[in-house]
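Report on the following structure.
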Amino acid sequence: QQLAVLSNSAIPGGACQGTSCSAGNTVTWLLGVMQPGEVRVVSLGPTIRSGATAPALGSVIPFKARVLNEQLDQGVADTSILVGEWVEPPPMIDTLFADRFELTP
């Protein structure tokens with residue numbers, strides 16, 4: 001509900017049914033035959049709604065991933081995104097290490 005519609009062309013190597021993904025849809029990647037210990041990386045960058053339909057600051061957007069093989073063995077993972085405003089980090093200042101070094105102005 002909090003993600004913008006994402007075109008299949010924006011999903012490297014993956015796709016939803018149809019031409020785009022909406023909130024709650026499943027993205028599918030076909031990874032082919034893999035050997036034991038082989039790794040394949042897939043990614044999906046979230047596109048959060050903006051404007052009047054943007055999620056409230058502090059909202060948590062969950063992401064869940066599941067992999068299946070032909071025998072239906074599965075692996076699962078999840079993560080989440082906290083919606084907030086970008087805040088510029090404070091500058092690195094020499095006083096962070098003042099207890100270890102002699103600082104001169």
Side-chain angles (χ1 to χ4, degrees):
Q1 298 171 1
Q2 298 165 326
L3 299 178
V5 173
L6 189 62
S7 165
N8 280 340
S9 63
I11 305 169
C16 284
Q17 290 183 343
T19 58
S20 63
C21 292
S22 298
N25 288 155
T26 299
V27 179
T28 301
W29 287 267
L30 298 176
L31 303 177
V33 176
M34 295 177 65
Q35 300 302 315
E38 184 178 355
V39 175
R40 306 250 174 110
V41 177
V42 297
S43 64
L44 176 64
T47 304
I48 310 302
R49 292 181 184 262
S50 60
T53 60
L57 295 178
S59 297
V60 176
I61 301 174
F63 281 84
K64 300 184 185 303
R66 180 176 65 149
V67 295
L68 297 171
N69 65 12
E70 292 175 344
Q71 291 77 35
L72 300 181
D73 299 321
Q74 69 175 334
V76 294
D78 62 8
T79 190
S80 55
I81 297 172
L82 176 62
V83 177
E85 293 182 11
W86 170 253
V87 176
E88 190 69 35
M92 293 296 292
I93 53 174
D94 292 335
T95 56
L96 291 174
F97 303 103
D99 61 328
R100 296 187 210 156
F101 301 100
E102 182 178 327
L103 300 176
T104 56

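When reading the values below, keep in mind they use all heavy atoms of this one structure, side chains included, and skip hydrogens, waters and symmetry mates. As the structure is a prediction and not an experimental result, all values here were calculated from the model.
- In this structure, I61 CD1 and T79 OG1 are separated by 11.5 Å, a value rounded to the nearest 0.5 Å.
- A single hydrophobic cluster is not seen to contain both F63 and V67; linkage of ILVMFWY side chains at heavy-atom distances under 4.5 Å, directly or through other members, places them apart.
- Residues near V76 contribute nothing to a hydrophobic cluster around it, because no ILVMFWY side-chain heavy atom sits closer than 4.5 Å to its side chain.
- Contacts of V41 classified as side-chain contact (heavy atoms from CB on, under 4.5 Å), with partners at least two apart in sequence or in another chain: V39.
- Taking each heavy atom of S43 and P12 in turn, the nearest pair found is O-CD, 4.0 Å.
- The shortest side-chain heavy-atom distance between C16 and N8 falls under the 4.5 Å cut-off.
- Closest approach of N25 and S20 over heavy atoms only: OD1-O, 4.1 Å.
- Contact between P55 and V83 at its shortest, heavy atoms only, is CG-CG2, 3.9 Å.
- Annotation: the span from Q17 atom CD to T28 atom OG1 amounts to 7.5 Å, rounded to 0.5 Å.
- The cluster map of Ile, Leu, Val, Met, Phe, Trp and Tyr, joined by side-chain heavy atoms under 4.5 Å apart, puts L30 and I11 in different clusters.
- Contact detail for P62 and S80: the closest heavy-atom pair is CA-CB, 4.1 Å.
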